[in-house]
Amino acid sequence: MIPVLEPVAIVPHRIHPQTRPAYVHLKVANLSREIDFYERLIGLRLNWKNQQSAGLGIGGRDIVRLSQITNGKRYRGVSGLYHFAILFPNRRELARAIARLFAYKWINYPTDHIMTKTTYLDDPEGNHIELYCESPEDGLFGMVNGEFIAIRQDGTPSDGREPLDLEALFAHLSPDDRLDEPLPEETRLGHFHLYVGSLKDSLAFYHDLLGFDNMGIARSFRMGMVSAGGYHHHIGFNTWQGEGAPPAPPDALGMLHFAFELPEPAEFERLHQHLTTQAVSFDLRADGLALRDPSGNQIVFLKPMR
(Lines give C-alpha, C1' and ligand atoms only; values in the text may rest on other atoms or scores of the structure.)
Protein backbone atom coordinates (compact mmCIF):
# COMPACT_ATOMS: atom_id res chain seq x y z
CA MET A 1 0.00 0.00 0.00
CA ILE A 2 1.36 3.42 -0.96
CA PRO A 3 1.68 5.68 2.13
CA VAL A 4 0.03 9.07 2.33
CA LEU A 5 2.50 11.87 1.79
CA GLU A 6 2.68 14.75 4.19
CA PRO A 7 0.09 17.45 3.35
CA VAL A 8 1.26 20.44 1.38
CA ALA A 9 1.90 23.39 3.70
CA ILE A 10 0.76 26.77 2.39
CA VAL A 11 0.92 30.30 3.77
CA PRO A 12 -1.49 33.29 3.57
CA HIS A 13 0.70 34.92 0.94
CA ARG A 14 0.76 31.90 -1.36
CA ILE A 15 2.57 32.33 -4.64
CA HIS A 16 0.28 31.85 -7.63
CA PRO A 17 -0.12 28.12 -8.42
CA GLN A 18 0.72 28.75 -12.08
CA THR A 19 4.12 30.30 -11.30
CA ARG A 20 6.74 28.40 -13.29
CA PRO A 21 10.54 28.25 -13.73
CA ALA A 22 11.71 30.36 -16.67
CA TYR A 23 15.47 30.12 -17.20
CA VAL A 24 18.83 29.79 -15.51
CA HIS A 25 21.61 32.31 -16.17
CA LEU A 26 25.14 30.89 -16.00
CA LYS A 27 28.52 32.62 -15.82
CA VAL A 28 30.90 30.76 -18.12
CA ALA A 29 34.53 30.88 -19.20
CA ASN A 30 34.07 29.97 -22.87
CA LEU A 31 30.85 31.24 -24.46
CA SER A 32 31.35 29.59 -27.86
CA ARG A 33 32.03 26.16 -26.39
CA GLU A 34 28.99 26.37 -24.13
CA ILE A 35 26.69 27.49 -26.98
CA ASP A 36 27.90 24.56 -29.08
CA PHE A 37 27.18 22.11 -26.26
CA TYR A 38 23.66 23.35 -25.56
CA GLU A 39 22.80 23.40 -29.26
CA ARG A 40 24.33 20.10 -30.43
CA LEU A 41 24.13 17.86 -27.37
CA ILE A 42 21.05 19.20 -25.57
CA GLY A 43 19.03 20.36 -28.58
CA LEU A 44 18.28 23.96 -27.65
CA ARG A 45 18.12 26.71 -30.27
CA LEU A 46 20.18 29.88 -30.14
CA ASN A 47 17.66 32.68 -29.55
CA TRP A 48 20.09 35.61 -29.35
CA LYS A 49 23.77 36.38 -28.97
CA ASN A 50 26.04 39.36 -28.44
CA GLN A 51 29.75 39.66 -27.75
CA GLN A 52 29.61 38.35 -24.16
CA SER A 53 26.21 36.67 -23.69
CA ALA A 54 23.66 34.40 -25.34
CA GLY A 55 20.25 32.89 -24.74
CA LEU A 56 19.18 29.40 -25.83
CA GLY A 57 15.81 27.76 -25.60
CA ILE A 58 12.73 26.63 -27.47
CA GLY A 59 10.17 28.58 -29.46
CA GLY A 60 11.88 31.87 -28.65
CA ARG A 61 11.75 31.17 -24.89
CA ASP A 62 15.12 31.15 -23.16
CA ILE A 63 15.86 28.14 -20.96
CA VAL A 64 19.58 28.77 -20.52
CA ARG A 65 21.33 32.14 -20.60
CA LEU A 66 25.11 32.37 -20.69
CA SER A 67 27.46 35.24 -19.91
CA GLN A 68 31.22 34.94 -20.37
CA ILE A 69 33.36 36.33 -17.56
CA THR A 70 37.11 36.86 -17.38
CA ASN A 71 39.29 34.82 -15.03
CA GLY A 72 36.34 32.94 -13.59
CA LYS A 73 37.01 30.14 -11.09
CA ARG A 74 35.24 27.09 -9.69
CA TYR A 75 34.80 27.05 -5.92
CA ARG A 76 33.95 24.22 -3.54
CA GLY A 77 32.09 24.51 -0.26
CA VAL A 78 29.92 27.44 -1.36
CA SER A 79 26.23 27.96 -2.06
CA GLY A 80 24.94 28.12 -5.61
CA LEU A 81 23.49 25.84 -8.25
CA TYR A 82 23.46 22.08 -7.69
CA HIS A 83 21.60 21.48 -10.95
CA PHE A 84 18.90 22.81 -13.20
CA ALA A 85 16.41 20.40 -14.75
CA ILE A 86 14.90 20.40 -18.23
CA LEU A 87 11.46 18.76 -18.33
CA PHE A 88 10.49 16.74 -21.41
CA PRO A 89 6.84 16.15 -22.37
CA ASN A 90 7.06 12.35 -22.50
CA ARG A 91 9.33 9.31 -22.38
CA ARG A 92 9.88 9.30 -26.14
CA GLU A 93 11.47 12.74 -26.07
CA LEU A 94 13.61 11.84 -23.07
CA ALA A 95 14.70 8.70 -24.91
CA ARG A 96 15.68 10.81 -27.92
CA ALA A 97 17.67 13.17 -25.69
CA ILE A 98 19.54 10.35 -23.96
CA ALA A 99 20.19 8.59 -27.28
CA ARG A 100 21.73 11.81 -28.58
CA LEU A 101 24.07 11.94 -25.58
CA PHE A 102 25.07 8.33 -26.21
CA ALA A 103 25.67 9.10 -29.89
CA TYR A 104 28.12 11.82 -28.84
CA LYS A 105 29.60 9.51 -26.17
CA TRP A 106 28.81 12.15 -23.55
CA ILE A 107 28.94 10.76 -20.01
CA ASN A 108 25.53 10.74 -18.32
CA TYR A 109 23.79 8.80 -15.58
CA PRO A 110 20.28 7.50 -16.42
CA THR A 111 18.32 7.13 -13.19
CA ASP A 112 14.83 6.00 -12.21
CA HIS A 113 13.29 8.20 -9.50
CA ILE A 114 10.05 6.19 -9.90
CA MET A 115 7.80 9.28 -10.27
CA THR A 116 10.26 10.69 -12.81
CA LYS A 117 12.68 9.19 -15.32
CA THR A 118 15.90 11.11 -15.67
CA THR A 119 19.54 11.36 -16.57
CA TYR A 120 22.25 13.56 -15.10
CA LEU A 121 25.23 15.11 -16.85
CA ASP A 122 27.63 18.04 -16.73
CA ASP A 123 28.16 20.65 -19.41
CA PRO A 124 31.78 21.30 -20.53
CA GLU A 125 32.37 23.64 -17.57
CA GLY A 126 30.91 21.41 -14.89
CA ASN A 127 27.41 22.89 -14.61
CA HIS A 128 25.20 20.01 -13.49
CA ILE A 129 22.06 19.29 -15.56
CA GLU A 130 19.11 16.97 -15.15
CA LEU A 131 16.97 15.87 -18.11
CA TYR A 132 13.69 14.27 -17.05
CA CYS A 133 10.08 13.40 -17.77
CA GLU A 134 7.21 12.71 -15.39
CA SER A 135 6.15 9.11 -14.74
CA PRO A 136 3.60 9.23 -11.87
CA GLU A 137 1.94 6.09 -13.23
CA ASP A 138 4.98 4.17 -11.92
CA GLY A 139 4.71 5.43 -8.33
CA LEU A 140 5.65 8.47 -6.30
CA PHE A 141 8.27 10.16 -4.20
CA GLY A 142 8.01 12.72 -1.44
CA MET A 143 8.30 13.20 2.30
CA VAL A 144 6.90 10.98 5.05
CA ASN A 145 7.75 11.77 8.69
CA GLY A 146 10.63 13.97 7.62
CA GLU A 147 12.23 11.31 5.42
CA PHE A 148 12.46 11.15 1.64
CA ILE A 149 10.66 8.09 0.29
CA ALA A 150 9.99 6.57 -3.12
CA ILE A 151 7.29 3.93 -3.58
CA ARG A 152 6.47 1.93 -6.71
CA GLN A 153 2.87 1.65 -7.87
CA ASP A 154 2.64 -1.87 -6.41
CA GLY A 155 3.57 -0.50 -2.98
CA THR A 156 7.14 -1.80 -2.86
CA PRO A 157 9.79 0.65 -1.68
CA SER A 158 12.63 2.08 -3.73
CA ASP A 159 15.59 4.25 -2.82
CA GLY A 160 14.49 6.48 -5.72
CA ARG A 161 17.90 6.23 -7.38
CA GLU A 162 17.66 3.00 -9.36
CA PRO A 163 19.34 2.52 -12.74
CA LEU A 164 16.96 3.49 -15.51
CA ASP A 165 15.71 0.66 -17.75
CA LEU A 166 17.13 1.99 -21.02
CA GLU A 167 15.81 -0.90 -23.09
CA ALA A 168 12.27 -0.04 -22.03
CA LEU A 169 12.89 3.68 -22.56
CA PHE A 170 14.42 3.29 -26.02
CA ALA A 171 11.44 1.13 -27.06
CA HIS A 172 9.56 4.44 -27.39
CA LEU A 173 11.79 5.38 -30.34
CA SER A 174 11.27 4.35 -33.95
CA PRO A 175 13.99 3.83 -36.58
CA ASP A 176 13.10 7.10 -38.34
CA ASP A 177 13.38 9.26 -35.18
CA ARG A 178 16.10 11.84 -35.81
CA LEU A 179 18.46 12.61 -32.96
CA ASP A 180 19.62 15.95 -34.38
CA GLU A 181 16.24 17.70 -34.26
CA PRO A 182 15.77 20.49 -31.68
CA LEU A 183 13.78 19.79 -28.55
CA PRO A 184 9.98 19.86 -28.94
CA GLU A 185 8.00 23.01 -28.19
CA GLU A 186 6.48 21.46 -25.05
CA THR A 187 9.88 21.15 -23.37
CA ARG A 188 10.44 23.60 -20.53
CA LEU A 189 12.55 24.20 -17.48
CA GLY A 190 11.20 21.94 -14.75
CA HIS A 191 13.02 22.87 -11.55
CA PHE A 192 16.15 24.21 -9.89
CA HIS A 193 18.15 22.53 -7.14
CA LEU A 194 20.36 24.75 -4.98
CA TYR A 195 23.21 24.44 -2.55
CA VAL A 196 22.34 26.44 0.58
CA GLY A 197 23.85 27.05 3.99
CA SER A 198 20.72 26.34 6.07
CA LEU A 199 17.58 24.30 5.47
CA LYS A 200 15.66 26.29 8.09
CA ASP A 201 16.57 29.70 6.68
CA SER A 202 15.92 28.56 3.11
CA LEU A 203 12.47 27.23 3.98
CA ALA A 204 11.64 30.48 5.79
CA PHE A 205 12.65 32.45 2.70
CA TYR A 206 11.01 30.37 -0.05
CA HIS A 207 7.93 29.24 1.89
CA ASP A 208 7.20 31.76 4.65
CA LEU A 209 8.28 34.87 2.72
CA LEU A 210 7.81 34.15 -0.99
CA GLY A 211 4.86 31.80 -0.56
CA PHE A 212 6.01 28.65 -2.32
CA ASP A 213 4.27 25.52 -1.04
CA ASN A 214 6.33 23.54 1.48
CA MET A 215 6.70 20.05 0.02
CA GLY A 216 8.75 18.82 2.96
CA ILE A 217 12.16 18.68 4.58
CA ALA A 218 14.20 15.46 4.76
CA ARG A 219 16.59 16.33 7.57
CA SER A 220 18.60 13.11 7.46
CA PHE A 221 19.00 13.61 3.70
CA ARG A 222 19.74 17.32 4.33
CA MET A 223 17.40 18.63 1.66
CA GLY A 224 14.04 20.31 1.24
CA MET A 225 11.59 21.01 -1.56
CA VAL A 226 9.13 23.80 -2.36
CA SER A 227 6.87 24.41 -5.33
CA ALA A 228 4.03 26.41 -6.81
CA GLY A 229 0.67 24.67 -7.00
CA GLY A 230 1.68 21.51 -5.13
CA TYR A 231 4.12 20.20 -7.79
CA HIS A 232 6.68 17.80 -6.32
CA HIS A 233 9.31 20.55 -6.47
CA HIS A 234 10.18 23.66 -8.44
CA ILE A 235 13.04 24.44 -6.06
CA GLY A 236 15.07 21.85 -4.20
CA PHE A 237 17.72 22.93 -1.72
CA ASN A 238 20.37 21.04 0.19
CA THR A 239 23.28 21.57 2.58
CA TRP A 240 25.57 19.08 0.84
CA GLN A 241 28.30 21.74 0.57
CA GLY A 242 28.19 22.04 4.35
CA GLU A 243 26.06 23.76 6.98
CA GLY A 244 26.74 27.48 6.78
CA ALA A 245 28.26 27.29 3.29
CA PRO A 246 28.99 30.90 2.23
CA PRO A 247 27.89 32.53 -1.02
CA ALA A 248 30.16 32.00 -4.01
CA PRO A 249 32.58 34.91 -4.67
CA PRO A 250 31.81 37.33 -7.53
CA ASP A 251 34.41 35.69 -9.81
CA ALA A 252 32.82 32.24 -9.44
CA LEU A 253 31.77 30.36 -12.53
CA GLY A 254 28.27 28.91 -12.29
CA MET A 255 24.90 30.44 -11.58
CA LEU A 256 24.35 34.18 -11.86
CA HIS A 257 20.65 33.87 -11.08
CA PHE A 258 17.56 31.76 -11.77
CA ALA A 259 14.21 33.12 -12.93
CA PHE A 260 10.51 32.42 -12.50
CA GLU A 261 7.52 33.54 -14.57
CA LEU A 262 4.38 34.82 -12.86
CA PRO A 263 1.18 34.18 -14.82
CA GLU A 264 -0.17 37.74 -14.94
CA PRO A 265 0.78 41.35 -14.17
CA ALA A 266 -1.51 41.47 -11.12
CA GLU A 267 0.54 38.70 -9.48
CA PHE A 268 3.76 40.59 -10.09
CA GLU A 269 2.28 43.69 -8.48
CA ARG A 270 0.99 41.61 -5.55
CA LEU A 271 4.45 40.15 -4.97
CA HIS A 272 6.05 43.59 -5.30
CA GLN A 273 3.68 45.01 -2.69
CA HIS A 274 4.18 42.04 -0.37
CA LEU A 275 7.96 42.36 -0.41
CA THR A 276 7.69 46.11 0.12
CA THR A 277 5.36 45.61 3.10
CA GLN A 278 7.77 43.03 4.55
CA ALA A 279 10.66 45.51 4.16
CA VAL A 280 12.60 42.99 2.09
CA SER A 281 15.56 44.24 0.09
CA PHE A 282 15.12 43.71 -3.65
CA ASP A 283 16.10 45.31 -6.95
CA LEU A 284 13.36 46.46 -9.29
CA ARG A 285 14.67 45.93 -12.80
CA ALA A 286 13.34 46.53 -16.28
CA ASP A 287 12.57 42.81 -16.65
CA GLY A 288 11.30 42.14 -13.12
CA LEU A 289 12.48 42.11 -9.54
CA ALA A 290 15.49 40.35 -8.08
CA LEU A 291 16.38 39.34 -4.53
CA ARG A 292 18.74 36.96 -2.79
CA ASP A 293 17.98 34.07 -0.50
CA PRO A 294 19.81 33.78 2.86
CA SER A 295 22.59 31.82 1.13
CA GLY A 296 23.15 34.49 -1.52
CA ASN A 297 21.41 32.70 -4.41
CA GLN A 298 19.67 35.27 -6.60
CA ILE A 299 16.10 34.67 -7.77
CA VAL A 300 14.42 36.86 -10.39
CA PHE A 301 10.66 37.15 -10.85
CA LEU A 302 10.03 38.27 -14.41
CA LYS A 303 7.53 41.01 -15.14
CA PRO A 304 4.71 39.51 -17.26
CA MET A 305 4.01 41.11 -20.63
CA ARG A 306 0.79 43.12 -20.64
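Here, residue 1 is the first one in the sequence, and each next residue gets the next number.
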Might you work through the ring pair (Phe, Tyr, Trp, His ring centres under 6.0 Å) test for Phe37 and Tyr104, ending with a clear yes or no?
CA-CA 11 Å; Phe37 169 83; Tyr104 279 106; 9.5 Å; no
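- Annotation: side chain of Leu26 is not in contact with side chain of Glu125 (no heavy-atom distance under 4.5 Å).
- Atoms CD1 and CG, on Ile42 and Asp36 in that order, are 11.5 Å from each other to the nearest 0.5 Å.
- A salt bridge links Arg152 with Glu162; the closest basic N to acidic carboxylate O contact falls under 4.0 Å.
- Contact record, Ala29 with Leu253: N-CD2, 3.7 Å, taken as the closest heavy-atom pair.
- Looking at Ser67, its side chain never comes within 3.5 Å of a backbone N or O of Arg65 through a donor-acceptor pair.
- Side-chain atoms of His191 and Glu130 include a donor-acceptor pair closer than 3.5 Å.
- The shortest distance between side-chain heavy atoms of Val78 and Tyr195 does not fall below 4.5 Å.
- By the 4.5 Å heavy-atom criterion applied to side chains, His274 and Leu209 are counted as neighbours.
- Ring pair Phe205/Phe237: centre-to-centre distance not below 6.0 Å.
- Glu134 and Tyr231 share a donor-acceptor pair across their side chains, judged by distance under 3.5 Å alone.
- No more than 12 heavy atoms of other residues, nucleotides or ligands shown are found within 6.0 angstrom of CG on Asn71.
- The shortest non-hydrogen separation linking Cys133 to Leu94 is SG-CD2, 3.8 Å.
- Distance alone, capped at 3.5 Å, places no donor-acceptor pair between the His16 side chain and the Phe268 backbone.
- Classification of the His257-Tyr23 ring pair by plane angle, with boundaries at 30° and 60°, yields perpendicular.
- At least one donor-acceptor pair under 3.5 Å links the side chain of Ser198 to the backbone N or O of Asp201.
- A heavy-atom distance below 4.5 Å is found between the side chains of Pro184 and Thr187.
- Cluster membership check: Leu262 does not share its hydrophobic cluster with Val300, using side-chain heavy-atom separations under 4.5 Å among Ile, Leu, Val, Met, Phe, Trp and Tyr.
- Crowding of Glu137 atom CD: a count of heavy atoms from other residues, nucleotides or ligands under 6.0 Å exceeding 12.
- Distance alone, capped at 3.5 Å, places no donor-acceptor pair between the Trp106 side chain and the Ile98 backbone.
- For the residue pair Gln241 and Ser79, no side-chain donor N or O sits within less than 3.5 Å of a side-chain acceptor on the partner.
- Proximity of a side-chain donor or acceptor of Ser158 to a complementary backbone N or O of His113 within less than 3.5 Å is not detected.
- In Arg45, the CZ atom is not crowded: 12 or fewer heavy atoms of neighbouring residues, nucleotides or ligands sit closer than 6.0 Å.
- The number of heavy-atom neighbours closer than 6.0 Å to CZ of Arg219, taken from other residues, nucleotides and ligands shown, is 12 or below.
- The distance between the ring centers of His83 and Tyr120 falls below 6.0 angstrom.
- Donor-acceptor pairing under 3.5 Å is lacking for the side chains of Ser295 and Asn297.
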Decide ring pair (Phe, Tyr, Trp, His ring centres under 6.0 Å) for Phe301 and Phe282; before the verdict, give the C-alpha distance in whole Å, the side-chain angles of both, and the deciding distance to 0.1 Å.
CA-CA 11 Å; Phe301 290 96; Phe282 62 88; over 10 Å; no
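- Here Lys49 does not pair with Glu39 in a salt bridge; the nearest charged N to carboxylate O distance is not below 4.0 Å.
- Counting heavy atoms from C-beta on, the side chains of Glu147 and Ser220 come closer than 4.5 Å.
- Using cut-offs of 30° and 60° for the angle between ring planes, the Phe141 and His233 rings count as perpendicular.
- Aromatic ring pairs are classed by plane angle as parallel below 30°, tilted from 30° to 60° and perpendicular above 60°; the pair His193 and Tyr82 is perpendicular.
- For CD of Glu167, the number of neighbouring non-hydrogen atoms (other residues, nucleotides, ligands) closer than 6.0 Å is 12 at most.
- Here the OG1 atom belonging to Thr118 is positioned 8.5 Å from the CG atom belonging to Leu164, to the nearest 0.5 angstrom.
- Side-chain contact between Phe102 and Leu166 is present, with at least one heavy-atom pair separated by less than 4.5 Å.
- Between Asp112 and Lys117, at least one side-chain nitrogen of the basic residue sits less than 4.0 Å from a carboxylate oxygen of the acidic one, meeting the salt-bridge criterion.
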